J.: 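This structure is in structure tokens; I'll ask about it shortly.
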Amino acid sequence: MTITMYGITTCDTIRKARVWLEGHDVPCRFHDYRAEGIEAGRLDGWVRKVGWEKLLNKGSTTFRELPDKDKQSLDEKKAKALMLAKPTMIKRPVLEVGDRILVGFKPDVYEAAVVGK
């Protein structure tokens with residue numbers, strides 16, 4: 001099973017998740033949004049699986065710094081455009097585990113999804 005983690009290297013939650021995965025001998029590829037961006041097709045797939053509301057990090061510095069007009073009347077189309085333009089607005093980490101998507105880091109969820117699989 002291939003596991004890919006999406007995020008940015010400077011994120012504390014990414015660091016915690018990577019340490020957890022390494023500590024449980026779970027190999028994973030890391031995809032840095034800042035260096036590699038995010039493809040529209042991949043984001044569309046995530047939105048279909050977990051919803052744009054779960055993916056868009058309204059608490060991120062990038063989102064908070066947006067002009068008010070960009071934050072108002074959010075819908076799927078607008079949220080996806082924002083996340084494609086500035087992937088740092090995507091909650092972190094996003095972990096692709098086979099065909100599953102995990103958003104955020106919770107050790108118990110990671111345990112159930114990746115250990116012993």
Side-chain angles (χ1 to χ4, degrees):
M1 170 174 48
T2 301
I3 298 175
T4 304
M5 178 184 292
Y6 293 81
I8 58 176
T9 56
T10 57
C11 174
D12 288 339
T13 307
I14 290 288
R15 287 186 192 122
K16 289 175 190 172
R18 290 176 89 173
V19 166
W20 189 95
L21 289 168
E22 289 167 8
H24 288 81
D25 296 320
V26 177
C28 112
R29 174 179 138 8
F30 183 71
H31 178 104
D32 187 336
Y33 294 136
R34 285 201 175 121
E36 303 176 66
I38 189 70
E39 302 137 3
R42 183 165 308 280
L43 183 61
D44 286 341
W46 292 352
V47 168
R48 279 193 303 278
K49 288 181 180 183
V50 300
W52 67 267
E53 299 91 339
K54 187 170 186 174
L55 287 168
L56 181 65
N57 185 358
K58 292 180 182 178
S60 74
T61 302
T62 307
F63 184 83
R64 290 191 322 260
E65 290 176 348
L66 287 173
D68 287 339
K69 67 176 180 59
D70 290 342
K71 297 185 226 179
Q72 297 168 350
S73 304
L74 281 174
D75 60 11
E76 181 177 319
K77 183 178 178 181
K78 191 172 181 180
K80 287 194 309 191
L82 288 171
M83 290 185 279
L84 284 171
K86 297 182 186 256
T88 55
M89 280 190 250
I90 301 171
K91 283 189 185 166
R92 299 180 294 266
V94 173
L95 197 69
E96 289 183 342
V97 182
D99 63 350
R100 292 185 59 204
I101 302 298
L102 306 177
V103 180
F105 173 60
K106 293 186 177 164
D108 57 330
V109 174
Y110 273 40
E111 181 88 28
V114 302
V115 175
K117 298 231 177 212

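Here the structure is a predicted model, which means the values were calculated and not measured.
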J.: Measure up the Trp20 and His24 rings against each other and bin them: parallel (under 30°), tilted (30 to 60°), perpendicular (over 60°).
T.: parallel
J.: Report yes if some heavy atom in the side chain of Leu66 is under 4.5 Å from a heavy atom in the side chain of Leu82; otherwise report no.
T.: yes
J.: Please report the C-alpha distance between Thr62 and Asn57 in whole Å, then the side-chain angles of each, then the deciding distance to 0.1 Å, and finally whether the side-chain contact (heavy atoms from CB on, under 4.5 Å) criterion is met.
T.: CA-CA 9 Å; Thr62 307; Asn57 185 358; over 6 Å; no
J.: Same hydrophobic cluster for Ile8 and Ile3, using side-chain heavy-atom links shorter than 4.5 Å among ILVMFWY?
T.: no
J.: Return the CD1 to NZ distance between Ile101 and Lys54, rounded to the nearest 0.5 Å.
T.: 10.5 Å
J.: Considering only heavy atoms from C-beta outward, does the side chain of Met89 approach that of Leu55 to under 4.5 Å?
T.: no
J.: Can you check whether Pro93 reaches Thr13 side chain to side chain, under 4.5 Å on heavy atoms?
T.: yes
J.: Could you give the distance from OG1 (Thr2) to CG (Asp99), rounded to the nearest 0.5 Å?
T.: 12.0 Å
J.: Any chance you could lay out the side-chain contact (heavy atoms from CB on, under 4.5 Å) test for Tyr6 and Arg42, step after step, and finish with the verdict?
T.: CA-CA 11 Å; Tyr6 293 81; Arg42 183 165 308 280; 3.2 Å; yes
J.: Is the closest basic N to carboxylate O distance between Glu39 and Lys80 below 4.0 Å?
T.: no
J.: Between Arg15 and Asp12, is there a side-chain N and carboxylate O pair less than 4.0 Å apart?
T.: yes
J.: Are Arg100 and Glu96 close enough for a salt bridge, meaning some N to O gap below 4.0 Å?
T.: no
J.: Does the side chain of Val94 come within less than 4.5 Å of Tyr33's, by heavy atoms?
T.: yes
J.: Distance only, no hydrogens: is a donor on one side chain within 3.5 Å (strictly under) of an acceptor on the other, for Arg34 and Thr10?
T.: yes
